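Some notes on the structure that comes next.
These figures come from a predicted structure and were not determined experimentally.
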Amino acid sequence: MPHPLTIVFDQRIPMRDGVTLSADVILPQAARQGGRFPCILVRTPYVKASAARYELGRWFAERGYAVVNQDVRGRGDSDGVFEPYFNEGRDGYDTIEWCAAQPWCDGSVGTYGGSYLGRVQWLAALEQPPHLKTMIVMVTPSDPFVETPTGSPSPMHLCWLHYTAGHANQVMEAVPWDEVYQHLPLNRMDEAAGRQLPAWKQECEHPWLDAYWQPLCYQNRFAEINLPVLHISGWYDDEQVGTPRNFIGMTRQAPSDFARAHQRLLMGPWGHAINSTQKLGEVDFGAGAIIDLRLAQLDWFDRHLKGLPGAAEHEAPVRIFVMGENQWRDEQEFPLARTRWQRYYLHSEGSANSRYGDGSLTTQPPLSEPADRYHYDPSRPYPFLTEPTSNQIGGPDDYAAVLRRDDVLFFATEPLTADTEVTGPIQLELFAASSTPDTDFTAMLLDVHPSGFIQRLCDGMVRARFRLGMDRPMLIEPGAVLPYTIDLWYTSQVFRPGHRIAISIASSAFPKFDRNLNTGEDLAASSRLATADQAVYHTAAYPSALILPVID
């Protein structure tokens, strides 16, 4: 039977520095007669006073949980100044321990949320609050520069900073983002959007992984987090890379056998708004794409906050949706132990430009082949297909039209004769040269359908000055052939017979990443543009290859 409820609005929760944060507390009515319940804490920058947030809180409270919805510092009804992420570890600890000390709480606290609401859970967990028992983290951002390894903020990040400016949510559609993203220099793009945003300025002033960013790093500290965690994301989440990495990190590095054994990964055919639609763009993943996710979350909390037996006790550690086949599948680990790491080498006679060129992918290493060359002009960047706001960056979009351009290289297999499953991390080992002291190389994994539809699966990039790491910027020698490793994140796709596996290579993916101006000057302060002459090599000495996790 559902518990009758009571709601207490605007509870003021004191932080250690005297700032008070506002929370709405949704309780089973028995709490007023001394009943004590485990607590689910949700900390949001998106304003707690929303119908969806109240509905979620009521749903869990009806099933025997106290639910605390809190505005983070400087947002909604909370006091203080919003500095994205920098206060969330300490504020999260203080809020968790406040919840545990309330008369309606039995001392067990779990945290819940996605995107910003996911990353703040990791930052709080690093503070090791003694009453935190478990987390459900969804579509979670990674450490600085993992998603955007550019040394400068993504233009589309400015849209999010605009949305979260002040205490109330701002109107994204009030700004002509396509025009704003073109603005140079980068460090004044906020002014072009009609705002002065201190966070944007500060991020532009720290263009590599220096001490400024260390308080926001958690992915090198899993050994300090002794918690069971349910990790959830989608293959088309624009922050997808963090979720598999976090699952892998916790299964290998968490400090106890219990924590390592109680990690669960759930990856669906979804974008950033997980489990909300079976169709993204032109691709319909079928009715099975939508699951009873809330029931799975309840089962997780029942297991780890109430100690109840349930499905979570017996489920496989990994559940993935295999696209193309459009089926869910349970696995025991990720990446899969039975993975065959297959190299697909780049080949051409020097004319792989556009999808009409002569580029090919085969499992045979190259011997002696001419390099492929193209010009990268930052005033006319190669596009990344997306809506202009940061709500969802990219999806299974059709790249057939933009692959007509000559400033992109295209390499594809022959049509496949049997199903080929690719599940796991995707990587490109690239040997390339540029005429400029700094530039970018981008890559995208594609499924070429017999119909002509060319479906984006996943993508990534490397900025030349950061080829050795985000903490070691170093310009390149023009003309020098250098190795680059491009992380294309993760996917799970069955390429059907008649389809082709393809990779595209360019030097921009705008506006997902800022344009490299190719000059080697300050990334955020410069406005001078230079055209780069790029060369991609595939010979016995420079065997550029796409590395795919093939599942037999």
**Request:** Say whether His162 and Gln170, considering side chains only, have a donor N or O and an acceptor N or O under 3.5 Å apart.
**Result:** no

**Message:** Is the ring pair His206/Trp213 parallel, tilted or perpendicular, if the boundaries are 30 and 60 degrees?
**Reply:** perpendicular

**Message:** Any heavy-atom pair between the side chains of Ser50 and Thr44 that's under 4.5 Å?
**Reply:** no

**Prompt:** Passes side chain to side chain contact (heavy atoms under 4.5 Å, CB included), Tyr116 versus Val120? Steps please.
**Reply:** CA-CA 6 Å; Tyr116 191 102; Val120 300; 3.3 Å; yes

**Asked** Under a 4.5 Å cut-off applied to non-hydrogen side-chain atoms, are Leu428 and Leu346 in contact?
**Response** yes

**Message:** If the threshold is 4.0 Å, N to carboxylate O, is there a salt bridge linking Lys201 and Glu191?
**Reply:** yes

**Message:** Within the 4.5 Å heavy-atom criterion, are Leu457 and Leu446 side-chain neighbours or not?
**Reply:** no

**Asked** At what distance, to the nearest 0.5 angstrom, does CZ of Phe411 lie from CG of Asp358?
**Response** 8.5 Å

**Item:** Under 3.5 Å side-chain donor-acceptor pair for Arg75 and Asn169
**Value:** yes

**Prompt:** Where do Cys159 and Tyr181 come nearest, in terms of heavy atoms and distance?
**Reply:** CB-OH, 3.6 Å

**Message:** Any heavy-atom pair between the side chains of Pro383 and Arg405 that's under 4.5 Å?
**Reply:** yes

**Asked** For the atom pair CD (Gln263) and CG (Asn246), what is the distance rounded to the nearest 0.5 Å?
**Response** 9.5 Å

**Message:** Within the structure provided, determine whether Leu409 and Asn353 are in side-chain contact (heavy-atom separation under 4.5 Å).
**Reply:** yes

**Item:** Residue pair Gly286 / Gln278: nearest heavy atoms and the distance that separates them
**Value:** O-CB, 3.3 Å

**Message:** Using only atom types and a distance under 3.5 Å, with no angle test, would you say the side chain of Gln342 pairs donor to acceptor with the backbone of Leu548?
**Reply:** no

**Complete:** Partner of Tyr376 under side chain to side chain contact (heavy atoms under 4.5 Å, CB included), picked from Asp407, Thr439, Val408, Asp533, is Thr439

**Item:** Row check, Tyr85 ring normal vs Arg119 NZ/CZ: under 6.0 Å, within 45°
**Value:** yes

**Request:** Heavy atoms only: give me the nearest Phe513-Pro149 pair and the separation to one decimal.
**Result:** CE2-CD, 4.3 Å

**Message:** Taking Ala352's backbone N and O only, do any of them form a donor-acceptor pair with Asp372's side chain (distance below 3.5 Å, no angle check)?
**Reply:** yes

**Prompt:** So, the side chain of Thr362 versus the backbone of Gln364: is there a donor-acceptor pair under 3.5 Å, distance only?
**Reply:** yes

**Message:** Looking at every non-hydrogen atom in both residues, tell me the closest pair between Leu430 and Ile486 and how far apart they are.
**Reply:** CD2-CD1, 4.3 Å

**Item:** Stepwise side chain to side chain contact (heavy atoms under 4.5 Å, CB included) test for Leu488 and Met444
**Value:** CA-CA 7 Å; Leu488 280 72; Met444 184 176 292; 5.7 Å; no

**Item:** Backbone N/O of Met267 and side chain of His231: donor-acceptor pair under 3.5 Å
**Value:** no

**Asked** Parallel, tilted or perpendicular: which fits the ring planes of Tyr218 and Trp122, with parallel below 30° and perpendicular above 60°?
**Response** parallel

**Request:** Return yes if a side-chain donor-acceptor contact under 3.5 Å exists between Thr423 and Glu421, otherwise no.
**Result:** yes

**Request:** Tell me, please, whether Tyr399 has Arg456 positioned over its six-membered ring: NZ or CZ under 6.0 Å from the ring centre and within 45 degrees of its axis?
**Result:** no

**Item:** Shortest non-hydrogen contact from Leu445 toward Thr491
**Value:** CD2-CG2, 4.2 Å

**Prompt:** Between the main-chain N or O of Lys512 and the side-chain N or O of Ser154, is there a donor-acceptor pair closer than 3.5 Å?
**Reply:** yes

**Message:** How close do Phe321 and Ala289 get, counting heavy atoms only, and between which atoms?
**Reply:** CE1-CA, 4.0 Å

**Prompt:** Does atom CH2 of Trp328 have more than 12 heavy-atom neighbours, drawn from other residues, nucleotides or ligands, at distances under 6.0 Å?
**Reply:** yes

**Asked** Does Thr148 use its side chain to pair, donor to acceptor, with the backbone of Phe145 at less than 3.5 Å?
**Response** no

**Asked** Should Ile426 and Leu546 be marked as a side chain to side chain contact (heavy atoms under 4.5 Å, CB included) after you check the CA-CA gap, both sets of side-chain angles, and the distance that decides it?
**Response** CA-CA 8 Å; Ile426 313 299; Leu546 172 66; 3.9 Å; yes

**Message:** In the structure I gave you, are the side-chain heavy atoms of Phe510 and Pro155 within less than 4.5 Å of one another anywhere?
**Reply:** yes

**Prompt:** CG of Asp377 to CG of Leu529: how many Å apart, nearest 0.5 Å?
**Reply:** 7.0 Å

**Asked** Is Asp143 paired with Arg221 through a side-chain N to carboxylate O contact shorter than 4.0 Å?
**Response** no

**Straight-line distance of Ser451 OG to Asp398 CG, nearest 0.5 Å** = 8.0 Å

**Message:** Return the CG to OG distance between Asp514 and Ser152, rounded to the nearest 0.5 Å.
**Reply:** 3.0 Å

**Request:** Would you mind reporting whether Tyr236 and Met323 have side-chain heavy atoms less than 4.5 Å apart?
**Result:** yes

**Message:** Between Ser504 and Phe410 (side chain of the first, backbone of the second, donor and acceptor by atom type, cut-off under 3.5 Å), is there such a pair?
**Reply:** no

**Request:** Sort out for me which residue in Tyr382, Tyr484, Phe466 forms a ring-ring contact (aromatic ring centres under 6.0 Å, His included) with Phe441.
**Result:** Tyr484

**Prompt:** Is a side-chain N or O of Glu147 found less than 3.5 angstrom from the main chain of Ser142, in a donor-acceptor match?
**Reply:** yes

**Item:** is_close_aromatic(Phe86, Tyr212), centroid dist under 6.0 Å
**Value:** yes

**Item:** Validation row: Leu523, Thr150 side chains within 4.5 angstrom (heavy atoms)
**Value:** no

**Message:** Does atom CD (Gln214) have a neighbourhood of more than 12 heavy atoms from anything else shown, all under 6.0 Å?
**Reply:** yes

**Message:** The criterion is ring pair (Phe, Tyr, Trp, His ring centres under 6.0 Å); which residues satisfy it with Phe334, sequence neighbours excluded?
**Reply:** Tyr490

**Request:** Drop me the distance from Tyr112's OH to Gln121's CD, to the nearest 0.5 angstrom.
**Result:** 10.0 Å

**Item:** Whether over 12 other heavy atoms sit under 6.0 Å from Arg188 CZ
**Value:** no

**Message:** Quick one, Asp237 with Ile274, criterion side chain to side chain contact (heavy atoms under 4.5 Å, CB included). Give me CA distance, side-chain angles, the key distance, then yes/no.
**Reply:** CA-CA 8 Å; Asp237 170 28; Ile274 57 171; 5.7 Å; no

**Message:** Can you confirm whether Glu179 is buried at CD, in the sense that more than 12 heavy atoms of other residues, nucleotides or ligands lie under 6.0 Å from that atom?
**Reply:** no

**Item:** Thr386 (side chain) donor-acceptor with Gly394 (main chain) under 3.5 angstrom
**Value:** yes

**Message:** Checking the side chain of Gln427 only, and the main-chain atoms of Ile547 only, is there a donor and an acceptor separated by less than 3.5 Å?
**Reply:** no

